[in-house]
Amino acid sequence: MSLLSDMGIEVVEKGKHKVVLEMELTPEHLEMEKNKVGSINAMLSETAASIGANLNLEQDDSAAITGVNVHNLNSFKLGKLVVEAISVRNGENVQTWQATTHFDKSAIANGLSIVMLKKIQI
């Protein structure tokens, strides 16, 4: 059981400075979004930032989200949604990532998020 497989999220690119995810929106996803507006933008942004942030840490450390600021700019429709997260600041203990969601082959943003993560030992 994992969020990626359960929600149909594909990792297109992952690196220490950029992570790209894709998700085909289904009628079930749109119903979820109708009931909890912003949940898809938040989920995708947090997931992409977490993947990238953890790539910047040592094996015994993990990145824990300390804050998320999500701006929902446009409504969703059926189609392939893309999130691109880039590292804005990679400090020794805190990382900041900016994530933009948009539909495939569209330059119009559906969401803009800032995700802050803190290094913790596991």
Side-chain angles (χ1 to χ4, degrees):
M1 185 181 218
S2 95
L3 176 70
L4 295 175
S5 62
D6 290 348
M7 296 300 290
I9 300 169
E10 178 187 348
V11 179
V12 175
E13 177 182 343
K14 68 177 180 177
K16 292 182 175 187
H17 303 290
K18 182 178 181 182
V19 175
V20 179
L21 306 176
E22 291 181 347
M23 177 179 164
E24 190 72 38
L25 291 182
T26 65
E28 292 80 15
H29 293 132
L30 296 181
E31 186 66 29
M32 178 180 79
E33 183 68 14
K34 187 172 86 173
N35 293 330
K36 296 180 181 174
V37 175
S39 59
I40 292 176
N41 271 332
M43 174 193 61
L44 287 172
S45 298
E46 291 172 5
T47 302
S50 293
I51 289 170
N54 279 298
L55 291 174
N56 287 298
L57 299 175
E58 300 295 323
Q59 188 173 356
D60 292 337
D61 295 328
S62 184
I65 295 173
T66 61
V68 179
N69 189 337
V70 179
H71 298 278
N72 298 301
L73 305 174
N74 289 300
S75 59
F76 287 129
K77 60 185 179 202
L78 294 176
K80 186 180 289 187
L81 192 62
V82 178
V83 61
E84 297 181 36
I86 58 168
S87 174
V88 175
R89 172 84 166 92
N90 184 3
E92 189 172 320
N93 290 309
V94 176
Q95 294 184 49
T96 304
W97 286 72
Q98 176 180 302
T100 305
T101 56
H102 59 87
F103 279 93
D104 190 34
K105 298 180 177 62
S106 174
I108 299 171
N110 280 74
L112 176 65
S113 304
I114 302 294
V115 182
M116 295 186 69
L117 305 102
K118 180 173 178 40
K119 176 176 78 172
I120 60 170
Q121 288 189 329
I122 52 173

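All figures in this text were calculated on a predicted structure; none of them were measured in a lab.
- Between Ala85 and Ala49, the closest heavy-atom pair is CB-N, 4.2 Å.
- The backbone N or O of Asn90 lies less than 3.5 Å from no partner atom in the side chain of Gln95, so there is not a single donor-acceptor pair.
- Met23 is not connected to Leu73 by any chain of hydrophobic side-chain contacts under 4.5 Å among Ile, Leu, Val, Met, Phe, Trp and Tyr, and they are in different clusters.
- By the 6.0 Å and 45° rule, Lys80 does not stack over the aromatic ring of Phe103.
- Using a 4.5 Å heavy-atom cutoff, the side chains of Trp97 and Ile114 are not in contact.
- In this structure the side chain of Val11 never reaches within 4.5 angstrom of the side chain of Ile9, judged on heavy atoms.
- One hydrophobic cluster holds both Leu21 and Val70 under the rule that ILVMFWY side chains link at heavy-atom gaps under 4.5 Å.
- There is no path of hydrophobic side-chain contacts, each under 4.5 Å, that joins Ile120 to Val115.
- For the pair Val83/Thr100, no side-chain contact is recorded, criterion being any heavy-atom separation below 4.5 Å from C-beta on.
- Annotation: Lys14, atom NZ; neighbour count of heavy atoms from other residues, nucleotides and ligands within 6.0 Å does not exceed 12.
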Full working for side chain to side chain contact (heavy atoms under 4.5 Å, CB included) between Ile108 and His102
CA-CA 6 Å; Ile108 299 171; His102 59 87; over 6 Å; no
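- Between Leu78 and Thr26 the shortest heavy-atom distance is CD2-C, 3.5 Å.
- For the residue pair Glu84 and Val20, the shortest heavy atom distance occurs at CG-CG2, 4.1 Å.
- Taking all atoms of both residues into account, the shortest heavy-atom contact from Ile122 to Ser62 is CG2-CB, 3.6 Å.
- One N or O on the side chain of Asn54 and one on the backbone of Ser50 form a donor-acceptor pair closer than 3.5 Å.
- The two residues Glu46 and Val68 make their nearest non-hydrogen contact at OE2-CG2, 3.4 Å.
- To the nearest 0.5 Å, atoms CD1 (Ile51) and NZ (Lys18) are separated by 14.5 Å.
- The shortest heavy-atom contact between Leu117 and Ala63 is CD2-CB, 3.9 Å.
- Side-chain atoms of Asp60 and Gln121, non-hydrogen and from C-beta on, never get closer than 4.5 Å to each other.
- A single hydrophobic cluster is not seen to contain both Ile65 and Leu57; linkage of ILVMFWY side chains at heavy-atom distances under 4.5 Å, directly or through other members, places them apart.
- Side-chain contact between Ile40 and His29 is present, with heavy atoms from C-beta onward closer than 4.5 Å.
- Residues Val19 and Glu13 form no side-chain contact, since every pair of their non-hydrogen atoms from C-beta on lies 4.5 Å or further apart.
- Side-chain contact between Met43 and Met7 is present, with heavy atoms from C-beta onward closer than 4.5 Å.
- Linking Ile, Leu, Val, Met, Phe, Trp and Tyr whenever their side-chain heavy atoms come within less than 4.5 Å puts Leu44 and Leu30 in one cluster.
- Between Gln98 and Leu112 there is a side-chain heavy-atom pair separated by less than 4.5 Å.
- When atom types are taken as modelled, the side chain of Asn56 and the backbone of Lys16 share a donor-acceptor pair closer than 3.5 angstrom.
- Applying side-chain hydrogen bond (donor to acceptor under 3.5 Å, both in side chains) to Asn72 and the options Asn41, Thr101, Asn110 leaves one that passes, Asn41.
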